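These numbers were taken from a predicted model, which means no experiment stands behind them.
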Amino acid sequence: MALPEGFVSMIRSYGLPQFDNLPDALESTTPEVSLRINPAKYTAPLPATDPVPWSGCGFYLPERPAFTLDPMLHQGAYYVQDASSMFISHVAAHLAAGQPVRWLDACAAPGGKTTAVMAALPQGSVVVANEFVRTRAEILRENVAKWGTANAAVTNCDTSRFSRHTALFDIIAADVPCSGEGMMRKDPEAVAQWSPALINSCADRQRTIISNLWPALRPGGYMVYSTCTFNRAENEQIIDWMIDEFGALPVEIPAMPQWNITPGIATTAPCYRFIPGTTRGEGLFLAVVRKPDGPIPNSRPAKAPKPAKPDKALAQLALWLLPDAQVELSLDKDTVTATSTAPAALTLPPELRPATPIATRKGRDFIPTQQLALSTLLNPEIWPRLDVDRLTALSYLRAEALHLSEDTPRGIVLLTYSGLPLGFVKNLGNRANNLYPDPWRIRTSIPANLPPLPLQ
């Protein structure tokens, strides 16, 4: 599909030599394929001959494999993410500077940047990942659960709701909805929908989102602003507006010259542009500003959770978790939840604290959840374990009934694949009831000859 003439004229009017090659790169080249491993789960050496230079966990692939047919994707051992977007890991590590932080990812679905940040932040940090669209929030919730680290809460609300949480977050990331010019190489819809009117509409919406979020940022805290578009109206002009409107202070992020990141256009603020044809990845704009120092407004501290009443069932379920897990268990109706009691989590209001559903009650029994199976809270020694082959793992992920070997113990069994937890079944002997959540099941048929795996 040919690029809109107005778009080509606009980017060439900026006078950047990197934009001279952009139209040809968008029309004539294919997107890069890259993935980022989960260091909490995939502990082998990075199987990479072509690493993403600004990410210690990412690497490029020569072609796109059938990711859906790799159980390790569904186990959260890695996340398929554009290399440009992995820059957020570098930014997060730099801004946190080794200290636990409270991070708000305000426009988080489907979860690529959220999981990257979860892996990059120091231990003890907490992440609140928000998505306004309910269906996208469910996808975000699933991807965060698969990633497995128990330091993230997922919310589904308008960004205006965060304005009531005055000075709560140390860092707020806003990967705002935009006109999507940076996706033109991989998404024909981004080409078809382009117009100056769309750019102006997006810029208005971006200013509203930032205005909603600014009160929730503590004095001295950082705002990470990003888009996947090229025009100045949604990028540098928004940063300059933040500087003028809120007194925001530009922040420089260290970057190596060989990364080929392009600076901002007609602004004194440090900006980071990823331009296809110049940088290996899709289009991305990112800039960081700091809220001026000042007194933190008076606000009521978050209430600490009430001590739980002694409960034999919950005490028994606590054995399902690692001994050093900083959580408190609670039973609400038929769901048992492990809510974080880490120091940073206790500074958040209850509705924003990271919490993992670990069990559902059925009659007198408690059934472990898929979220627990994939969580780093899991104590895998509690259940009998059975490591399965790829075909069996894919059948499990299709939510099919399984037939296990005769010597498999009866009752709840934890299936593993390549040594990592895959999920639970209830083995009845003649068959095993599959406990994989139906909304998560893969619908891709399993071919007779399985394609190669990316982590080999």
Side-chain angles (χ1 to χ4, degrees), residues 38 40 76 100-106 108-109 111 114-115 117-119 121 123-131 134 136-157 161-162 164-165 168-170 216 301-309 311 313-361 366-379 382 421 423-424 435 437 439-440:
N38 183 347
V101 298
R102 294 164 298 189
W103 179 293
L104 170 63
D105 190 347
T114 302
T115 54
V117 165
M118 289 164 65
L121 290 177
Q123 188 172 4
S125 299
V126 291
V127 175
V128 176
N130 180 69
E131 172 56 42
R134 183 175 296 276
R136 285 171 55 81
E138 288 307 309
I139 295 171
L140 170 66
R141 200 180 307 277
E142 178 181 338
N143 285 331
V144 167
K146 288 178 176 177
W147 198 249
T149 51
N151 65 336
V154 176
T155 57
N156 171 216
C157 64
R161 293 281 297 274
F162 290 101
R164 70 181 66 173
H165 299 298
L168 181 61
F169 294 98
D170 303 298
K303 294 181 180 179
K306 295 180 180 179
K309 296 180 181 179
D311 186 299
L314 293 184
Q316 192 67 26
L317 294 183
L319 300 176
W320 293 7
L321 311 179
L322 292 175
D324 60 351
Q326 291 184 297
V327 297
E328 181 181 62
L329 300 187
S330 61
L331 175 63
D332 182 16
K333 297 181 181 178
D334 290 325
T335 300
V336 178
T337 301
T339 302
S340 175
T341 57
L346 293 179
T347 65
L348 298 175
E351 68 272 17
L352 298 183
R353 288 178 191 147
T356 304
I358 67 163
T360 56
R361 182 168 59 183
F366 287 94
I367 308 299
T369 63
Q370 183 64 20
Q371 290 91 331
L372 174 63
L374 300 179
S375 174
T376 53
L377 294 172
L378 173 73
N379 181 358
I382 291 296
F424 293 103
L435 301 182
W440 291 15

*Spacing of OG1 belonging to Thr155 relative to CG belonging to Leu104, to within rounding of 0.5 Å*: 7.0 Å

*Just do the side-chain contact (heavy atoms from CB on, under 4.5 Å) check on Thr356 and Leu372 with the steps written out, would you?*
CA-CA 7 Å; Thr356 304; Leu372 174 63; 5.5 Å; no

*side-chain hydrogen bond (donor to acceptor under 3.5 Å, both in side chains): pairs with one or both residues in residues 366-375, sequence neighbours excluded*: Gln370-Tyr396

*asked:* What verdict does the salt bridge (Lys or Arg N to Asp or Glu O under 4.0 Å) test give for Arg134 and Glu138, after you've listed the backbone C-alpha separation in whole Å, the side-chain angles of each residue and the deciding distance to 0.1 Å?
replied: CA-CA 6 Å; Arg134 183 175 296 276; Glu138 288 307 309; 5.5 Å; no

*For the atom pair OG1 (Thr337) and CD1 (Ile358), what is the distance rounded to the nearest 0.5 Å?*
8.0 Å

_Show the nearest heavy-atom pair for residues Gln123 and Pro100, with the distance to one decimal._
O-CG, 3.6 Å

*asked:* Among Val128, Val154, Asn143, Val144, which residue satisfies the side chain to side chain contact (heavy atoms under 4.5 Å, CB included) criterion with Thr114?
replied: Val144

*Check Ser125 against Asn151 and note the closest heavy-atom contact, atom names and distance.*
O-CB, 3.3 Å

*asked:* To the nearest 0.5 Å, what is the distance between OG1 on Thr115 and CG on Asn38?
replied: 8.0 Å

*Before giving the answer on side-chain contact (heavy atoms from CB on, under 4.5 Å), spell out for Asp105 and Val117 the whole-Å C-alpha distance, their side-chain angles and the decisive distance to 0.1 Å.*
CA-CA 9 Å; Asp105 190 347; Val117 165; 5.7 Å; no

_Donor-acceptor pair, distance only, cut-off 3.5 Å: does the side chain of Asn156 make one with the backbone of Glu131?_
yes

*Within the side chain of Thr360, is there an N or O that forms a donor-acceptor pair under 3.5 Å with the backbone of Asp334?*
no

_Which heavy atom of Thr339 sits nearest to which heavy atom of Arg353, and what is that distance?_
CG2-CB, 4.0 Å

*asked:* I'd like to know whether Phe169 forms a side-chain contact (heavy atoms from CB on, under 4.5 Å) with Leu352, so could you lay out the CA-CA distance, the side-chain angles of the two residues, the decisive distance to 0.1 Å, and finally the verdict.
replied: CA-CA 11 Å; Phe169 294 98; Leu352 298 183; 4.2 Å; yes

*asked:* If we ignore hydrogens and angles and just use 3.5 Å, is the side chain of Asp170 paired with the main-chain N or O of Arg102 as donor and acceptor?
replied: yes

*Nearest heavy-atom neighbours spanning Thr149 and Thr376*: CA-OG1, 3.6 Å

*Does some side-chain heavy atom of Val336 sit less than 4.5 Å from a side-chain heavy atom of Leu314?*
yes

*Closest approach of Ala338 to Leu321 (non-hydrogen atoms, all atoms of both residues)*: CB-CD1, 4.3 Å

*Do the side chain of Asn130 and the main chain of Cys157 share a donor and acceptor less than 3.5 angstrom apart?*
yes

*Compare every heavy atom of Pro421 with every heavy atom of Leu374, then report the nearest pair and how far apart it is.*
CD2-O, 3.7 Å

*Going through the checks in order, is the side-chain contact (heavy atoms from CB on, under 4.5 Å) test met by Gln316 and Phe366?*
CA-CA 10 Å; Gln316 192 67 26; Phe366 287 94; over 6 Å; no

